[in-house]
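This is the structure I want to talk about, given as structure tokens.
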Amino acid sequence: MKRIASALCLCALTLGLLVGCSGGSGETAYVESVSLICGTGSVGLADRYAGRVVAGQTEEVERDTEKTILETYVEEGDTVEAGDLLFSYDMEAMQLSLDKLYLEKESYENTITAAESEISELETQKAKASSSDQLSYTLQISSKEADIREAEYNIALKEREIAAMEADMENTDITAPISGRVMSITEDGSSDSYYSDSTSTGTTYITIMDVTTLRVEGNINEMNAYALTEGMAVTIRSRVDESQTWSGTITSIDWENPVTNDNDSYYYIYSDDMTTSSKYPFYIELADTEGLLLGQHVYIEPSTGDGGSGSGLMLPSYYITGGADNAYVWAANEKDKLEKRSVTLGSYDADTDCYEILSGLDASDYIAFPDDSLSEGMAVEKYDEDSFSDDEVVVSVG
């Protein structure tokens with residue numbers, strides 16, 4: 001997360017050079033909404049992410065496409081226990097393949113025996129031959145020795161294939177890796193099932209989902225990636241009845257696999273392809289699942305705890321100038337002029353590189369990214385979520 005926070009600092013610097021600092025004339029300072037910077041709503045509400053209740057674990061059981069399935073013992077919708085038999089391979093077909101490998105190995109062994117016999121005969125003839133014929137016998141012997149080396153190499157290959165085949169024949173029965181429900185059986189071994197993972201190798205045969213253990217999946221935008229961390233406590237809120245809540249903890253954020261298409265989470269898509277932002281899935285372990293249903297859509301909010309006596313705003317450090325005792329930000333005043341605004345700092349979160357702002361600033365204020373060209377009294381131009389025109393941004397709310 002420290003690396004992510006550092007990257008965000010760089011992104012913020014770039015943004016500051018574009019829209020967060022002074023204009024080209026030096027007469028206008030562009031200021032951003034604190035609510036946008038800190039990931040809070042326009043009325044100071046905490047971040048809210050769209051989420052969905054998903055199964056605790058999904059396992060994709062693959063098949064060997066080189067083998068013939070003898071029988072499948074389950075159907076879609078069946079409930080299985082870990083260790084239950086799912087399907088078995090055709091032992092007879094595997095035995096035929098094994099017998100073929102043994103015959104091929106034997107053929108190479110016969111090649112070696114014949115070549116050794118011929119070499120022995122050639123060496124006897126060479127000993128009796130004239131000096132002018134010696135070279136001919138030497139070349140013939142070298143050729144036979146090369147045949148032996150090639151056959152020995154092929155025998156080694158066949159022995160490895162035989163060992164692998166014999167090991168496979170000891171595991172012709174494929175069992176369930178987890179307890180759960182059989183969600184899909186793909187007869188052709190492809191991975192185009194609704195439940196298949198996007199990283200599947202294409203040999204998924206049976207998908208099993210643990211429907212007894214529930215967790216919540218959400219998506220986070222790269223532009224506010226600092227807002228969530230693994231281990232963070234969160235509140236799950238019902239979309240139907242917002243007074244109904246559950247508690248949980250973020251167990252993982254998958255930064256390696258961005259979401260390619262999902263309509264359940266809000267996100268921004270700018271007209272410039274270079275500024276299109278990505279989303280990443282994160283997962284929440286629930287303390288209690290009573291009342292939740294698989295597939296249910298919910299809201300996810302970071303838990304605020306007791307919140308202390310301050311505003312609870314967590315402002316990235318790169319917006320703050322000065323030391324702990326004389327910290328200030330460049331803020332727009334009530335006359336839309338730039339001023340140095342003193343702020344009182346609270347706790348510091350090293351993972352997100354953010355300071356808690358105890359006083360001097362709230363979510364409704366606007367601040368500028370620090371820049372040498374800023375000066376008090378400059379006119380300001382405000383930037384927030386509503387600053388985009390309809391053709392510049394698409395907002396999707398799940």
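Below, each value reflects all heavy atoms present in this structure, side chains not excepted, and no hydrogens, waters or symmetry copies.
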>> Quick check on E71: does its CD atom have over 12 non-hydrogen neighbours (other residues, nucleotides or ligands) under 6.0 Å away?
In response: yes
> More than 12 heavy atoms of other residues, nucleotides or ligands under 6.0 Å from CG of D99: is that the case?
Replying inline: yes
> Is a side-chain N or O of T113 found less than 3.5 angstrom from the main chain of E109, in a donor-acceptor match?
Replying inline: yes
> Under 3.5 Å, is there a donor-acceptor pair between the side chain of S143 and the main chain of L139?
Replying inline: no
>> Within the structure provided, determine whether W246 and L292 are in side-chain contact (heavy-atom separation under 4.5 Å).
In response: yes
> Does a side-chain N-to-carboxylate-O contact under 4.0 Å join K105 and E159?
Replying inline: yes
> Take atom CD in E145; do more than 12 heavy atoms of anything else shown fall under 6.0 Å from it?
Replying inline: yes
>> Are more than 12 heavy atoms, taken from residues, nucleotides or ligands other than D325, located less than 6.0 Å from that residue's CG atom?
In response: no
> Is there side-chain contact between L315 and V343, with heavy atoms separated by less than 4.5 Å?
Replying inline: no
> If we only count heavy atoms from C-beta on, is the V61 to I174 side-chain gap below 4.5 Å?
Replying inline: yes
>> For Y30, is there any backbone N or O sitting under 3.5 Å from a side-chain donor or acceptor partner on Y366?
In response: no
>> Do D254 and F282 have side chains that approach each other closer than 4.5 Å (heavy atoms only, starting at C-beta)?
In response: no
> V74, I178: one ILVMFWY side-chain cluster at the under-4.5 Å cut-off?
Replying inline: yes
>> Please check if the number of heavy atoms outside Q95 that lie under 6.0 Å from its CD is greater than 12.
In response: yes
>> On the six-membered ring of F87, is R63 placed so that its NZ or CZ lies under 6.0 angstrom from the centre and within 45° of the ring axis?
In response: no
>> Test your reading of the model: is there a side-chain donor-acceptor pair from E76 to the backbone of I185, 3.5 Å cut-off?
In response: yes
>> Any donor-acceptor pair under 3.5 Å linking the side-chain atoms of S184 with those of T207?
In response: yes
> Can you find a heavy atom in the side chain of V34 that is under 4.5 Å from one in the side chain of D362?
Replying inline: no
>> Are V54 and Y299 connected into the same hydrophobic cluster when the rule is that any two of I, L, V, M, F, W, Y join if their side-chain heavy atoms are below 4.5 Å apart?
In response: no
>> Please report the interatomic distance CD1(I206) to OG1(T204), rounded to the nearest 0.5 Å.
In response: 10.5 Å
> Taking the side chain as C-beta and beyond, is there a heavy-atom pair between I119 and I148 under 4.5 Å?
Replying inline: yes
> Taking the six-membered ring for Trp, are F369 and Y318 parallel (under 30°), tilted (30 to 60°) or perpendicular (over 60°)?
Replying inline: tilted
> Has the side chain of S179 got a donor or acceptor atom that lies under 3.5 Å from a matching backbone atom of A82?
Replying inline: yes
>> I'd like to know if I162 and M169 are part of one continuous hydrophobic network [Ile/Leu/Val/Met/Phe/Trp/Tyr, side-chain heavy atoms within less than 4.5 Å].
In response: yes
>> If the threshold is 4.0 Å, N to carboxylate O, is there a salt bridge linking K144 and E118?
In response: yes
> Any cation-pi pair here, R215 with Y283, using under 6.0 Å and within 45°?
Replying inline: yes
>> If I compare all heavy atoms of R341 with all of N333, which pair ends up nearest, and what's the gap?
In response: NH2-CA, 4.3 Å
> Under a 4.5 Å side-chain heavy-atom rule over Ile, Leu, Val, Met, Phe, Trp and Tyr, are I300 and W255 clustered together?
Replying inline: yes
>> Looking at I236, is its backbone amide N or carbonyl O close enough to the side chain of E301 to form a donor-acceptor pair, meaning the two atoms are under 3.5 Å apart?
In response: no
>> Any side-chain to backbone donor/acceptor pair from T172 onto D168? Under 3.5 Å, distance only.
In response: no
> Yes or no on side chain to side chain contact (heavy atoms under 4.5 Å, CB included) for L86 and T72, after CA distance, side-chain angles and deciding distance?
Replying inline: CA-CA 6 Å; L86 298 178; T72 301; over 6 Å; no
>> Would you say Y348 and D353 are linked by a side-chain donor-acceptor pair, where the criterion is simply a distance under 3.5 Å?
In response: yes
>> Evaluate V234 against T249 for side chain to side chain contact (heavy atoms under 4.5 Å, CB included), listing each step before the verdict.
In response: CA-CA 6 Å; V234 295; T249 303; over 6 Å; no
>> Is there a side chain to side chain contact (heavy atoms under 4.5 Å, CB included) between R52 and V298? Walk through the geometry before answering.
In response: CA-CA 6 Å; R52 183 165 58 93; V298 294; over 6 Å; no
>> So does Y319 get a backbone contact from the side chain of W330, meaning a donor-acceptor N/O pair under 3.5 Å?
In response: no
> In Å, rounded to the nearest 0.5 Å, how long is the span from OH of Y108 to CG of L103?
Replying inline: 12.0 Å
>> To the nearest 0.5 Å, what is the distance between OG on S247 and CD on E285?
In response: 10.5 Å
> Can M165 be reached from L70 by stepping across I, L, V, M, F, W or Y side chains whose heavy atoms are under 4.5 Å apart?
Replying inline: no
>> Assess, by modelled atom type and distance only, whether the side chains of E59 and Q57 contain a donor and an acceptor separated by less than 3.5 Å.
In response: yes
> Can K126 and D133 be counted as an ion pair, charged N to O under 4.0 angstrom?
Replying inline: no
> So which heavy atom on L228 is nearest to which on I253, and how close?
Replying inline: O-CD1, 3.8 Å
> Does the side chain of E376 reach to within under 4.5 Å of the side chain of K340, using non-hydrogen atoms?
Replying inline: yes
> For the residue pair D173 and S88, what are the closest heavy atoms and their distance?
Replying inline: OD1-CB, 3.2 Å
>> Counting only heavy atoms from other residues, nucleotides and ligands, does the tally under 6.0 Å from CZ of R181 exceed 12?
In response: no
>> Using the rule given for side chain to side chain contact (heavy atoms under 4.5 Å, CB included), can you reason through I357 versus L345, listing the C-alpha separation, both sets of side-chain angles and the distance that settles it, and then say yes or no?
In response: CA-CA 5 Å; I357 304 299; L345 304 182; 3.7 Å; yes
> Is any side-chain heavy atom of D147 less than 4.5 Å from a side-chain heavy atom of I112?
Replying inline: no
>> If we ignore hydrogens and angles and just use 3.5 Å, is the side chain of E32 paired with the main-chain N or O of K382 as donor and acceptor?
In response: no
> When rounded to the nearest 0.5 angstrom, what distance separates CE in M91 from NZ in K67?
Replying inline: 10.5 Å
> Between D210 and T213, is a side chain to side chain donor-acceptor pair (under 3.5 Å) present by the stated rule, with each step listed?
Replying inline: CA-CA 6 Å; D210 175 9; T213 304; 3.1 Å; yes
> Do side-chain atoms of S142 reach the backbone of T138 as a donor and acceptor pair under 3.5 angstrom?
Replying inline: yes
